[in-house]
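Below is one structure; the comments refer to it alone.
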Amino acid sequence: MSEVYAKDFSEIESTLKSNYVLKNLVLNLAQSEPIIGKVVEDREEKSRQILLDYFKGNITYSEAVTQTEKGLPRGESKYSQENHAFASGWAERHVKTQISRFYNHAVLKKIISSGSNDCYIHHSQSEDQDSKCTRELAGKTHSAAEVLKNIKAAYSEGNYSETLKVPYHPHCSHTVYPVV
Ligand SMILES: [Zn+2]
């Protein structure tokens with residue numbers, strides 16, 4: 001049986017239910033990689049537990065968002081006065097970004113360990129037509145090593161830049177896909 005992968009963000013949850021090897025890789029990364037950002041600073045582990053529960057299949061995406069809002073209240077953050085960090089929908093933006101970076105990181109590792117360096121990015125039903133990732137990433141094959149390097153720099157090391165990565169922005173619905 002061929003392995004299942006997500007063609008866009010909306011398919012990640014069902015993909016992890018049927019692809020156990022990938023699910024374990026995602027869980028390992030979610031247990032070990034830093035989770036960075038003002039909304040989680042000094043409370044990274046609370047966010048990590050919620051994300052692990054999501055990846056294990058114990059809670060849904062919307063439950064992960066609600067638990068993040070309640071478990072990491074804005075008032076407890078040292079950045080609570082910063083409206084930019086806590087703009088409306090901050091919990092969903094954080095959860096979506098983290099699910100996407102861990103999922104895509106895992107798929108890229110798997111592609112590279114299989115001896116390939118090609119990853120394809122499908123167009124997504126919910127993509128933003130004007131976004132740079134839609135114009136430059138979607139519908140094309142890319143270097144898995146390059147996209148992985150950019151994901152690590154942004155989401156594990158906190159060096160945000162304009163490099164092409166997935167997710168490219170907080171509402172990015174693209175995913176990387178192995179080229180058979
Ligand atoms: Zn995108």
Side-chain angles (χ1 to χ4, degrees), residues 6 8-17 22-23 25-109 121 124-128 130-134 137 147-176:
D8 81 1
F9 183 87
S10 68
E11 295 181 358
I12 291 177
E13 203 164 314
S14 60
T15 296
L16 295 179
K17 284 198 169 82
L22 187 60
K23 178 179 170 177
L25 200 48
V26 170
L27 284 168
N28 284 340
L29 290 169
Q31 272 155 355
S32 57
E33 291 289 317
I35 299 173
I36 293 169
K38 285 184 176 176
V39 300
V40 292
E41 199 170 311
D42 297 334
R43 45 199 193 153
E44 182 183 349
E45 295 314 309
K46 279 187 183 171
S47 172
R48 189 183 305 282
Q49 287 313 312
I50 295 166
L51 291 163
L52 287 170
D53 263 350
Y54 170 82
F55 287 130
K56 285 173 188 166
N58 297 338
I59 57 172
T60 63
Y61 173 65
S62 62
E63 285 169 335
V65 172
T66 307
Q67 288 189 13
T68 299
E69 263 170 342
K70 289 185 177 156
L72 289 78
R74 175 175 178 168
E76 274 180 20
S77 166
K78 64 177 167 188
Y79 300 106
S80 62
Q81 301 306 312
E82 292 193 20
N83 287 327
H84 183 73
F86 286 96
S88 174
W90 68 266
E92 177 157 21
R93 275 200 311 281
H94 171 70
V95 169
K96 186 169 185 182
T97 298
Q98 295 303 320
I99 290 170
S100 176
R101 53 85 63 135
F102 283 127
Y103 173 81
N104 287 299
H105 188 154
V107 174
L108 291 165
K109 274 190 83 163
I121 298 175
S124 159
Q125 299 244 344
S126 48
E127 70 189 7
D128 174 357
D130 298 324
S131 171
K132 189 174 170 182
C133 53
T134 300
L137 283 175
V147 178
L148 180 56
K149 181 177 70 112
N150 295 340
I151 289 175
K152 282 185 187 167
Y155 300 111
S156 293
E157 294 154 24
N159 298 317
Y160 292 99
S161 65
E162 290 292 304
T163 57
L164 290 169
K165 57 188 169 293
V166 188
Y168 183 69
H169 55 84
H171 302 290
C172 179
S173 55
H174 295 117
T175 50
V176 294

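Values below: every heavy atom of this structure, side chains too, minus hydrogens, waters and symmetry copies. One-based numbering along the sequence shown.
- A donor atom on one side chain and an acceptor atom on the other are not found under 3.5 Å apart for Gln98 and Tyr155.
- Not a single donor-acceptor pair under 3.5 Å links the side chain of Ser100 to the backbone N or O of Lys96.
- Asn150 places a side-chain N or O within donor-acceptor distance of the main-chain N or O of Leu164, the cut-off being under 3.5 Å.
- No donor-acceptor pair closer than 3.5 Å links the side chain of Ser80 to the backbone N or O of Glu76.
- Contact annotation: the side chain of Leu72 never approaches that of Val39 to less than 4.5 Å [non-hydrogen atoms, C-beta and beyond].
- Salt bridge Arg48/Glu45: present, at least one basic N to carboxylate O contact under 4.0 Å.
- Aromatic rings of Tyr54 and Phe102 (six-membered ring for Trp) have centroids beyond the 6.0 Å cut-off, not under it.
- Judged by distance alone, with hydrogens and angles left aside, the side-chain atoms of Lys23 form no donor-acceptor pair with the main-chain N or O of Lys17 at under 3.5 Å.
- In this structure Ser10 satisfies the side chain to side chain donor-acceptor pair (under 3.5 Å) test together with Asp8, sequence neighbours excluded.
- No side-chain donor-acceptor contact under 3.5 Å links Arg93 to the backbone of His169.
- Side-chain atoms of Thr134 and Asp130, non-hydrogen and from C-beta on, never get closer than 4.5 Å to each other.
- Looking at heavy atoms from C-beta onward, Leu137 lies out of side-chain contact with His174 at the 4.5 angstrom threshold.
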